[in-house]
Amino acid sequence: MKKIIVCVNHRVNPNNPSCGARGGIEVANSIEAVIADEKLDIRLERFKCLGLCEKGPNLRFAPDGRFFYGVATENMTEVLAELNAFTKA
């Protein structure tokens with residue numbers, strides 16, 4: 001099954017970057033809403049770390065899909081375009 005993996009890791013130490021502290025949870029919520037509204041055949045998985053925390057929030061289309069770094073709810077145009085293409089592929 002196709003899925004989107006979104007990092008939602010939230011480190012306690014504010015000196016260590018984390019996707020959860022940078023909006024990863026809000027990104028996951030927004031994508032889940034799009035999936036539900038458009039009844040897409042794709043699952044969202046909240047994950048604790050995809051690495052490269054300093055570039056987060058990070059997400060990945062799986063299997064074999066793109067990684068996106070620095071995703072925010074206000075700049076998801078490219079992610080949503082990829083989502084539509086990925087579900088049709």
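Computed from a predicted model, the values in this text were never measured in an experiment.
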Exercise. Atom CD of Glu38 and atom CG of Leu40: how far apart are they, to the nearest 0.5 Å?
Worked result: 5.0 Å
Problem set entry | N-O pairing of Glu78 and Arg66 below 4.0 Å | yes
Exercise. Ser30 and Thr73: which non-hydrogen atoms are nearest, and at how many Å?
Worked result: OG-CG2, 3.4 Å
Exercise. Do Arg46 and Asn29 get their side chains close enough for a donor-acceptor pair, meaning under 3.5 Å?
Worked result: yes
Exercise. Can you tell if the side chain of Glu45 reaches within under 4.5 Å of the side chain of Arg60, non-hydrogen atoms only?
Worked result: no
Exercise. Quick check: does any side chain N or O of Arg22 sit under 3.5 Å from a backbone N or O of Glu54, one acting as donor and the other as acceptor?
Worked result: yes
Problem set entry | Heavy-atom side-chain contact between Ile4 and Arg43 under 4.5 Å | no
For this session: State the CG-CZ distance between Asn58 and Phe47, to the nearest 0.5 angstrom.
Result: 12.0 Å
For this session: Kindly say whether Val34 contributes a backbone atom to a donor-acceptor pair with the side chain of Asp37 at under 3.5 angstrom?
Result: no
Under 3.5 Å, sequence neighbours excluded: what are the donor-acceptor pairs made by side chains of residues 82-89?
| residue | atom | partner | partner atom | Å |
| --- | --- | --- | --- | --- |
| Asn84 | ND2 | Leu80 | O | 3.4 |
| Thr87 | OG1 | Leu83 | O | 3.2 |
| Thr87 | OG1 | Asn84 | O | 3.0 |

Exercise. Any ring pair (Phe, Tyr, Trp, His ring centres under 6.0 Å) pairs touching residues 7-42, not counting sequence neighbours?
Worked result: none
Seminar exercise, completed: Scanning both residues in full, the closest heavy-atom pair of Met76 with Val27 reads SD-CG1, 4.1 Å
For this session: Measure the spacing between CG of Asn75 and OG1 of Thr77 and express it to the nearest 0.5 Å.
Result: 7.5 Å
For this session: Considering non-hydrogen atoms only, spot the tightest contact between Cys49 and Cys7 and give its length.
Result: CA-SG, 3.7 Å
For this session: Apply the test side-chain contact (heavy atoms from CB on, under 4.5 Å) to residues Ile5 and Leu59: give CA-CA distance (whole Å), side-chain angles for both, the deciding distance (0.1 Å), then the verdict.
Result: CA-CA 5 Å; Ile5 303 166; Leu59 64 86; over 6 Å; no
Problem set entry | Test log, rule ring-ring contact (aromatic ring centres under 6.0 Å, His included), inputs Phe67 and Phe61 | CA-CA 7 Å; Phe67 274 91; Phe61 287 83; over 10 Å; no
For this session: Give the minimum heavy-atom separation between Asn9 and Ser18, together with the two atoms involved.
Result: O-CB, 3.3 Å
Exercise. Under a single-linkage definition using a 4.5 Å side-chain heavy-atom cutoff for Ile, Leu, Val, Met, Phe, Trp and Tyr, are Val6 and Phe68 assigned to the same hydrophobic cluster?
Worked result: yes
Seminar exercise, completed: The reported gap from CD in Glu32 to CG in Leu44 (rounded to nearest 0.5 angstrom) is 5.0 Å
Exercise. Around atom CG of Asn16, are there more than 12 heavy atoms of other residues, nucleotides or ligands at under 6.0 Å?
Worked result: yes
For this session: State, to 0.1 Å, how close Cys19 and Pro57 come at their nearest heavy-atom pair, and which atoms those are.
Result: SG-CA, 3.5 Å
